[in-house]
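A, B, ... follow the sequence lines: proteins, then strands. Residue 1 opens every chain. Just so you know, these numbers come straight off a predicted model, no measurement behind them. Below, each value reflects all heavy atoms present in this structure, side chains not excepted, and no hydrogens, waters or symmetry copies.
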2 protein chains.
Amino acid sequence: MMVKFRPYVLTLFALLLSGCVHEGLRGTGDMGLVIERTDGSILIVDHSVGKSLGRIEGLGDLSHASAVYSRDERYAYIFGRDGGLTKVDILTRKIVGRVIQGGNSIGGAISQDGSLVAVSNYKPGGVKVFDSKTLDLVADVPAKEAGETKGSKTVGLVDAPGNKFVYGLYDAGEIWSLDFSKGRTPKITKYRDTGTQPYDGLITPEGRYYISGLFGEDGLSLLDLWHTDKGVKRILGGYGKGEKALPVYKMPHLEGWAVADDLAFLPAIGRHELLVVNRRTWEEVGRVPIHGQPVFAMGQPDGRYIWVNFALPHNDTIQVIDVETLKVIKTLKPGKGVLHMEFTPRGDKVWMSVRDANRVDIYDTSTFERLGHFEAKRPSGIFFTNRAHKIGL
Amino acid sequence: MMVKFRPYVLTLFALLLSGCVHEGLRGTGDMGLVIERTDGSILIVDHSVGKSLGRIEGLGDLSHASAVYSRDERYAYIFGRDGGLTKVDILTRKIVGRVIQGGNSIGGAISQDGSLVAVSNYKPGGVKVFDSKTLDLVADVPAKEAGETKGSKTVGLVDAPGNKFVYGLYDAGEIWSLDFSKGRTPKITKYRDTGTQPYDGLITPEGRYYISGLFGEDGLSLLDLWHTDKGVKRILGGYGKGEKALPVYKMPHLEGWAVADDLAFLPAIGRHELLVVNRRTWEEVGRVPIHGQPVFAMGQPDGRYIWVNFALPHNDTIQVIDVETLKVIKTLKPGKGVLHMEFTPRGDKVWMSVRDANRVDIYDTSTFERLGHFEAKRPSGIFFTNRAHKIGL
């Protein structure tokens with residue numbers, strides 16, 4: 001049997017073939033994703049044009065979800081609240097891998113060399129480490145000692161130089177580090193008695209200092225990864241809910257710590273303040289009165305301003321603080337439920353999720369004007385691909 | 001007339017069409033280029049696999065060439081010594097634009113928003129600014145006043161926050177800034193009497209301080225871009241060839257300034273030393289004796305080590321300095337003509353060009369072992385795409 005064609009059909013085929021070779025070809029340095037928390041979906045975005053390129057669905061429970069990127073900035077690893085780890089190809093906008101690796105996970109990290117993705121779990125606790133290409137399990141590190149039945153929740157998981165992961169044990173009050181520099185069986189180092197109920201952690205931008213926020217006591221724990229023999233020391237004893245035990249509507253995110261010049265800006269817990277901390281001495285050097293209970297305090301890439309969002313009932317507001325004068329220089333009202341902000345890599349723009357307006361807003365960081373916006377379903381976290389190039393994100 | 005086919009031909013067409021859609025698709029976050037200085041060619045490289053992906057020829061005179069990247073990390077702009085500005089698509093590995101914009105150019109920069117590429121010229125002097133998409137001329141800013149016939153050489157051109165470019169005028173001894181924040185006609189600000197014969201410049205990583213190296217006198221000039229009303233001040237009066245007028249085999253590159261913690265490491269001129277400078281006071285706080293006259297002093301991304309290469313007759317050597325002890329902890333001998341180094345974005349590896357061996361070497365920054373190498377013709381500058389996300393590079 002034969003099939004008949006008019007010649008123009010062939011021409012059409014030929015054109016398609018010649019044209020399609022570069023179909024979809026693009027750089028990935030100006031891309032990112034926006035978490036749509038209630039629909040289990042994400043938007044793939046382009047921050048050069050300030051638009052969404054398309055939606056990917058089927059990522060499970062994305063309330064409180066976060067993401068990291070492969071070193072080539074092509075693949076995103078999304079950590080869902082349901083223990084799902086989903087690998088997404090942002091170029092083809094397809095899910096290329098998904099594992100339910102725990103019962104309730106709270107975030108993850110990618111190793112310095114890009115080969116490993118680690119996830120910290122509330123249930124069953126512990127940390128699981130996966131091959132970043134295949135999502136095959138590489139290491140399963142329960143957060144318990146031999147003989148113990150119940151594992152500890154793990155929190156504040158970050159990557160560190162030397163292919164390490166560092167995290168806190170909520171129930172045990174410890175900090176553990178996994179060293180994968182010698183291969184795929186980690187060297188585990190355990191720091192005991194590092195503070196009651198670490199609820200979050202961060203690592204400074206160069207990857208030297210790991211800091212645990214403590215829920216069970218005031219103050220924070222500081223581990224100098226260049227001198228781990230010196231152990232963990234307490235800093236900022238006044239940091240916490242304090243004697244007055246204020247109502248805390250939302251514990252601040254330590255990842256949000258803004259570091260500018262030799263100062264760090266830390267969201268106070270419960271108080272309408274930012275703490276200003278000297279990064280050399282780790283002592284408090286000032287406080288900035290602000291509009292509400294801070295959630296994220298994020299430093300503009302040029303180090304000049306700190307942008308802050310707030311917990312209920314003030315989560316419709318953003319304030320901008322000048323690093324030199326330590327004064328609020330701008331108050332914006334994007335709308336109810338400003339959950340997260342992300343700066344373009346060199347800081348000319350900042351994006352923010354306005355959950356209740358189902359909108360992502362884009363602001364100019366020099367004029368504070370809104371440049372544009374687009375629709376998103378209950379947007380929360382925004383993650384641009386340049387995170388792939390940063391330590392501890 | 002009709003053309004007849006057997007069905008399998010159609011299937012073949014269908015397969016081709018479905019398959020080719022993702023032809024060549026890849027992330028660009030782990031890519032880069034290596035300048036082949038004597039052949040007018042570049043290698044496109046992948047730092048995940050540590051290999052060259054292919055060569056692009058026809059870029060003119062690439063002695064002393066440098067490159068910047070578009071904000072999507074797809075296009076490289078290469079500044080040739082012959083005044084050529086070449087735009088290369090690193091995905092298709094093709095030249096997509098080339099203009100001879102001056103007689104003898106010395107480098108360039110891309111604006112914070114990615115829309116403008118600026119080039120500084122020795123001949124005829126001045127700065128030309130181009131549209132980053134089309135390479136159409138946007139602004140031509142001669143480095144001379146009305147009535148003057150001869151323009152000044154321009155040097156040390158960098159981008160700065162607020163869509164600015166900043167550079168030095170070698171002959172006039174001035175620093176000029178072009179502000180493109182209000183559109184495509186720049187607001188020009190001229191800082192007079194900023195030191196004799198600025199030969200190079202740099203901007204600190206956050207984009208606040210612009211520093212000119214001076215050939216005509218000892219010391220450097222510092223401009224605080226947050227407080228330009230305070231004018232330019234001299235720093236490090238002892239920095240320069242000094243009274244002993246040492247022979248200088250190669251003026252060090254200021255772009256190489258390593259900034260780690262609150263210290264900056266500056267290649268001494270003519271001396272076998274690194275100067276250690278306090279970044280708050282801009283005063284010298286120490287000197288590190290090293291193997292030869294330093295050319296680049298580059299900070300490892302984790303801020304722990306400084307890597308230094310040297311001028312003739314010591315350009316076969318690399319030394320690594322510990323930021324805490326200020327001691328040389330490692331001396332490597334990759335081969336004759338180690339011209340440049342580039343760290344992978346999160347610092348697990350460092351690449352170096354070994355010109356006379358026609359080789360690029362890749363070292364592990366934690367073990368100092370050579371992990372791999374590949375052939376390159378007389379390689380010099382190495383530029384990875386993550387530069388697209390940085391201020392002042």
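Contacts between S48(A) and chain B at a heavy-atom distance below 4.5 Å involve backbone atoms as well as side-chain atoms. The parts of R71(A) that come within reach of chain B are both its backbone and its side chain, each placing non-hydrogen atoms under 4.5 angstrom from that chain. Interface remark: Q300(A) contributes no atoms to any contact with chain B (heavy atom separation under 4.5 Å). Residue D89(B) does not touch chain A at all, counting heavy-atom pairs closer than 4.5 Å. For a residue to count as touching a neighbouring chain, one of its non-hydrogen atoms must lie under 4.5 Å from one of that chain's; by this rule D46(A) does not touch chain B.
Considering D348(A), T344(A), D302(A) in turn, D348(A) is the only one that fulfils the side-chain contact (heavy atoms from CB on, under 4.5 Å) rule with Q112(B).
The main-chain N or O of D72(A) is never found under 3.5 Å from a side-chain atom of R26(B) such that the two would form a donor-acceptor pair. Counting only distance, with no hydrogens or angles, the side chain of R304(A) and the backbone of E206(B) share no donor-acceptor pair below 3.5 Å.
Annotation: residues 383-393 of chain B contacts chain A through N386(B), A388(B), H389(B), K390(B), I391(B) [non-hydrogen atoms, separation under 4.5 Å].
Contact count versus chain A (heavy atoms, under 4.5 Å) is highest, among R346(B), H47(B), E73(B), for R346(B). In terms of heavy-atom pairs under 4.5 angstrom with chain B, the leader among D159(A), I90(A), T365(A) is D159(A).
N278(B) meets the side chain to side chain contact (heavy atoms under 4.5 Å, CB included) test with R280(B), T281(B), V285(B); sequence neighbours excluded. Among residues two or more places apart in sequence or in another chain, the side chain to side chain contact (heavy atoms under 4.5 Å, CB included) test is passed with V323(A) by A260(A), F265(A), I306(A). In this view, V158(A) and V166(A), I203(A), Y210(A) satisfy the side chain to side chain contact (heavy atoms under 4.5 Å, CB included) rule, not counting sequence neighbours.
Side-chain contact check for L25(A) versus R74(B): some heavy-atom pair is nearer than 4.5 Å.
In this structure, S70(B) OG and D30(A) CG are separated by 7.5 Å, a value rounded to the nearest 0.5 Å.
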